[in-house]
Number of protein chains: 2
Amino acid sequence: MQLTRRAEYAIRTMLDIASNLDDQPLMSKEIAARQDIPLNFLIQIVPELRSAGLIHTVRGSGGGIYLTKKPSEISLRYIVEAIEGPIALNQCLIGDASCERQPRCPIHEVWALAQRQMLAVLEATTLAGLVDQSQSGKKAGKTSAAADVASKINNEVELEV
Amino acid sequence: MQLTRRAEYAIRTMLDIASNLDDQPLMSKEIAARQDIPLNFLIQIVPELRSAGLIHTVRGSGGGIYLTKKPSEISLRYIVEAIEGPIALNQCLIGDASCERQPRCPIHEVWALAQRQMLAVLEATTLAGLVDQSQSGKKAGKTSAAADVASKINNEVELEV
DNA sequence: CTAAACTTAAGTAAATTGGTAAACTTTATG
DNA sequence: CATAAAGTTTACCAATTTACTTAAGTTTAG
Ligand code: FES
Ligand code: FES
């Protein structure tokens, strides 16, 4: 029921690259240091992000990583699924698989709903939103990416703090 | 990111007991057979449900299992957490632990929101609701426990089917 | 040609998952 | 009180996943 370190690192990495304003590619080594990711582990994650089409890598001296899409087009869900595969709260919710026990088990719809609620948040959160927030930083003060997302989703969740 | 079999079996078990109208306790063996749970595995899960205070067990011949609370007071979240411990989508969301890297990492609030959305569904779903649905069965036709829950949560999610 | 950078492929220790198995305790009932 | 029916406890296990580490490549700027 928990995000793996791989996926967490992938998110940090993507966010790190999205925050980079220069147009020169970022090296794994820099990212690893800045984001507290074991370099040798990151080096294993980067190719996965690439085969998922999220980043473009340049080999050789002076090489590095840059995004293939605009940060506003990259959602948290997309990053997580690139690393972990489809997000599913229960086995029967993967793809089109349904409960093998009953045509419609009463619990199924509930899990499906819980999952949709969760995915809605992860989908509405883009790298652009996250970068905006951390850069506006002290200015707006209370505006969090989560608050933005919460208002996007039509649900009046009250955020404490 | 997925429910374990233990927890899934625990839910099935609780639902099986809640659906039982007689006042005599149910045996593990019956439940295992009816719910397609390996008996030897269920026998390991039952004591956990008991120490969590969800069920009462009677030993010896003629013994079995019954609920300690009313089905309307037992939520899916409660059952899952009895087996798996606190539900958390990321390590830093367990209990009061916060991100060790930054006082407030921009992603944290997003995960927290996603988690609240998910938990709201699991909390609003009680055994009573699930039993109602499967027993009314063909009568109401379209009423699902999920639809009930969706309307409880103030969020107009449209359920297909 | 060489150092800087990504790539590929193993390997690995520890934890989790999904079970199985066996020995034990409790209790109704004959 | 003997016994069978039930839950309890403890231990074990194989397979998978997780989070890394290591090492031997390959590519490219300079
Ligand atoms: S069909 Fe998915 S929970 Fe039963
Ligand atoms: S503090 Fe929880 S995601 Fe960073």
Side-chain angles (χ1 to χ4, degrees), chain A residues 1-13 17 24-33 35-52 54-68 80 83-92 94 100, chain B residues 1-13 16-17 24-33 35-52 54-68 80 83-88 90-92 94 100:
Chain A
M1 209 60 134
Q2 253 181 47
L3 198 70
T4 59
R5 294 301 84 202
R6 293 178 87 80
E8 162 93 23
Y9 292 158
I11 296 172
R12 283 194 206 165
T13 298
I17 303 173
Q24 69 214 0
L26 287 179
M27 297 180 301
S28 296
K29 207 160 93 177
E30 295 177 73
I31 300 174
Q35 300 294 333
D36 292 322
I37 305 174
L39 176 58
N40 286 325
F41 197 15
L42 178 57
I43 250 164
Q44 198 183 12
I45 295 168
V46 166
E48 294 182 52
L49 289 174
R50 198 195 40 146
S51 26
L54 282 168
I55 57 177
H56 206 87
T57 55
V58 181
R59 294 162 70 136
S61 176
I65 308 169
Y66 52 91
L67 301 182
T68 46
V80 172
I83 298 296
E84 300 192 352
I87 294 175
L89 292 181
N90 200 351
Q91 288 188 352
C92 53
I94 300 174
E100 71 286 355
Chain B
M1 211 62 134
Q2 254 181 46
L3 198 68
T4 59
R5 293 301 83 202
R6 295 177 87 79
E8 162 92 22
Y9 292 158
I11 295 172
R12 283 194 206 164
T13 298
D16 192 281
I17 304 172
Q24 70 215 0
L26 286 180
M27 296 180 301
S28 295
K29 207 160 93 176
E30 296 177 73
I31 300 173
Q35 301 294 332
D36 291 322
I37 305 173
L39 176 58
N40 287 324
F41 199 13
L42 178 58
I43 250 165
Q44 197 183 13
I45 295 168
V46 165
E48 294 182 51
L49 290 173
R50 200 197 39 147
S51 26
L54 281 168
I55 56 176
H56 204 87
T57 54
V58 181
R59 296 162 70 137
S61 177
I65 308 169
Y66 52 90
L67 300 183
T68 46
V80 172
I83 298 295
E84 300 192 353
I87 294 175
N90 200 350
Q91 286 188 353
C92 53
I94 300 175
E100 70 285 356

Within a strict 4.5 Å, meaning less than it, do heavy atoms of the I45(B) and T13(B) side chains meet? no

Going by heavy atoms in the side chains, are D36(A) and R12(A) under 4.5 Å from each other? yes

Please give the angle, rounded to 10 degrees, between the axes at the start and the end of the helix from dC1(C)-dG30(D) to dG30(C)-dC1(D), where five pairs define each axis. 0°

When I65(B) is tested against each of V58(B), I17(B), L54(B) for side chain to side chain contact (heavy atoms under 4.5 Å, CB included), which residue passes? I17(B)

Rounded interatomic separation in angstrom, taking CG from L42(B) and C1' from dT8(D): 13 Å

Can you label the angle between the F41(B) ring and the Y9(B) ring as parallel, tilted or perpendicular, going by 30° and 60°? perpendicular

Validation row: L49(A), I83(A) side chains within 4.5 angstrom (heavy atoms): yes

Spacing of L49(B) atom CG relative to dT8(D) atom C1', expressed in whole Å: 14 Å

Restricting to salt bridge (charged side-chain N to carboxylate O under 4.0 Å, His left out), what partner residues turn up for E48(A), sequence neighbours left out? R6(A)

So, the side chain of E84(B) versus the backbone of T4(B): is there a donor-acceptor pair under 3.5 Å, distance only? yes

Calculate the interatomic distance between K29(B) atom NZ and dA4(D) atom P; express it in whole Å. 14 Å

Just wondering, do I11(A) and L3(A) contact through their side chains at under 4.5 Å, heavy atoms? yes

Taking atom P of dT27(C) as reference, at what distance in whole Å does atom CE of M27(B) sit? 18 Å

To the nearest angstrom, how far is I45(A) atom CD1 from dA9(C) atom P? 18 Å

Under 4.5 Å between any side-chain heavy atoms of L89(A) and M1(A), yes or no? yes

Going 5' to 3' through nucleotides 12-25 of chain C and flagging B where a protein heavy-atom sits under 4.0 Å of the base, S where only the sugar-phosphate is that close, and - otherwise, we get -----SSBB----B

Taking only the side-chain nitrogens and oxygens of T57(A), find out if one of them lies under 4.0 Å from OP1 or OP2 of dT7(C). yes

Check whether any side-chain N or O of S61(A) sits under 4.0 Å from OP1 or OP2 of dG30(D), and answer yes or no. no

Check the distance between dA9(C)'s P and E48(A)'s CD and give it to me in whole angstrom. 14 Å

To the nearest Å, how far apart are I83(A) CD1 and dA19(D) C1'? 13 Å

When the distance from CD of E84(A) to P of dT18(D) is rounded to whole Å, what number comes out? 7 Å

